[in-house]
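A short write-up of the structure that comes next.
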Protein chains: 2
Amino acid sequence: MAKLRGYESALPIALLRAREATMRRFKGHVDATGLTLPQWRVIRALADAGPLDARSLAERCVILPPSLTRIFRALEDKALIETIEAHDARRHTVQLTAAGQALYDRMSGRSEAIYRELEQAFGTENMAELLRLLTLLRETAEAMPTGDVDIIITK
Amino acid sequence: MAKLRGYESALPIALLRAREATMRRFKGHVDATGLTLPQWRVIRALADAGPLDARSLAERCVILPPSLTRIFRALEDKALIETIEAHDARRHTVQLTAAGQALYDRMSGRSEAIYRELEQAFGTENMAELLRLLTLLRETAEAMPTGDVDIIITK
DNA sequence: TATTGTTATACTCTATAACTATA
DNA sequence: TATAGTTATAGAGTATAACAATA
């Protein structure tokens, strides 16, 4: 049996470790808000895109629906988001409150500074290329058949 | 206050989403072993590098020490790893058992096939470049001062 | 009937501090 | 004294299935 590529260069692990090393730089900054990282992703996604429903947030923030339900509750308790009524009453759509937007605004300057520092050390071109490849990889993987298909077919 | 780069292109989020999309392809495969993803990372790291102590595994597998203690217990209960005595009795060093190696061998062929399929769709050059950049990013981030320094200094 | 979320439930991981053992 | 792990503990996320409400 052939040995797998070296552990260090296995793709999912390289992604995990790169993320861990990067996040470490932002972590204390997010901790200071009293939010967890998934909660912060929700705030940020809403700041970027405006009101979103649960499905969109679950996908963009990589959070499962049951977790998202709890996160909605936590963020509404903190008055950082609020539910708005949608045309389709099945959809749970939320948006930032003024307080949520203010929190985001306070954070964004510092986040940007951390990012610029990292970008400078890593190289502007490297960063641009990495972001391009990460997006392309995601789109490629999402476009591929799931691999569970054969199980479904054999039923 | 300047708006952050778009949510989609934020580095930690791009890393997370790329990993999620990639892992989805391997997930069912790992599930079939009855191991969790962190447990599987430990098996794989040991298969790649031979006996390792807790500190090395925690770092390579991105697992906190308390989690690792439990994972050692779970994998020893399954007889996939075993503890070996080290020169420094403080160190908890483990290695794969024959059963652990056999499990890894059974998995590696299928893992490699999934990887090749993804690599083909993504492009061999893209994959090589992405892995290079991920490693460089991690090394760059790890080499930078932690950013907590100013807090320490101000005390 | 299909879709959108929520609830229920069990398990694992995260995270921090305190503690034990060894060097 | 410093280091390596483990234990303790609280909390959050993961994951699946079952359910409720709406389309």
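All chains are named by letter (A, B, ...) in the order of the sequence lines, taking the proteins before the strands, and each is independently numbered beginning at 1.
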**Q.** Where chain B begins and ends its contact with DNA chain C, read 5' to 3' at 4.0 Å from heavy atoms
**A.** dT12(C) to dA23(C)
Q: Please list residues of residues 81-97 of chain A whose heavy atoms come under 4.0 Å from any atom in DNA chain D, ordered by number; otherwise none.
A: His87(A), Asp88(A), Ala89(A), Arg90(A)
Q: Enumerate the residues from residues 61-73 of chain A whose closest heavy atom to DNA chain D is under 4.0 Å, giving them by residue number; use none for an empty result.
A: Leu64(A), Pro66(A), Ser67(A), Arg70(A), Ile71(A)
Q. Among all residues two or more places apart in sequence or in another chain, which pass the side-chain contact (heavy atoms from CB on, under 4.5 Å) test with Glu59(A)?
A. Arg17(B)
Q. According to the Watson-Crick and G-U wobble definition with distances under 3.5 Å, which dot-bracket string, read 5' to 3', encodes DNA chain D, using [ ] for crossing pairs and | for pairs with another strand?
A. |||||||||||||||||||||||
Q | Side chain proximity check, Asn126(B) to Leu137(A), heavy atoms < 4.5 angstrom | A | no
Q | Check: Leu130(B) and Phe122(B) side chains under 4.5 Å, non-hydrogen atoms | A | yes
Q.
Looking at Ile63(A), is its backbone amide N or carbonyl O close enough to the side chain of Ser67(A) to form a donor-acceptor pair, meaning the two atoms are under 3.5 Å apart?
A. no
Q) side-chain contact (heavy atoms from CB on, under 4.5 Å) between Thr22(B) and Arg138(A): does it pass, once the steps are laid out? A) CA-CA 7 Å; Thr22(B) 304; Arg138(A) 174 168 60 78; over 6 Å; no
Q | Partners meeting ring-ring contact (aromatic ring centres under 6.0 Å, His included) with Phe72(A) (sequence neighbours left out) | A | His92(A)
Q) Which residue, Ala54(A) or Leu37(A), contacts DNA chain C at a nucleotide closer to its 5' end, judged by nearest heavy atom? A) Ala54(A)
Q. Between the side chains of Asp105(A) and Ser108(A), is a donor N or O closer than 3.5 angstrom to an acceptor N or O?
A. no
Q: For the pair Arg55(A) and Asp53(A), evaluate salt bridge (Lys or Arg N to Asp or Glu O under 4.0 Å) and give the outcome as yes or no after the intermediate values.
A: CA-CA 6 Å; Arg55(A) 160 162 295 200; Asp53(A) 62 20; over 6 Å; no
Q | Gln120(A) atom CD: more than 12 heavy-atom contacts under 6.0 Å | A | no
Q: Flag the pair Glu76(A) and Arg73(A) as a salt bridge only when some basic side-chain nitrogen lies within less than 4.0 angstrom of an acidic carboxylate oxygen.
A: no
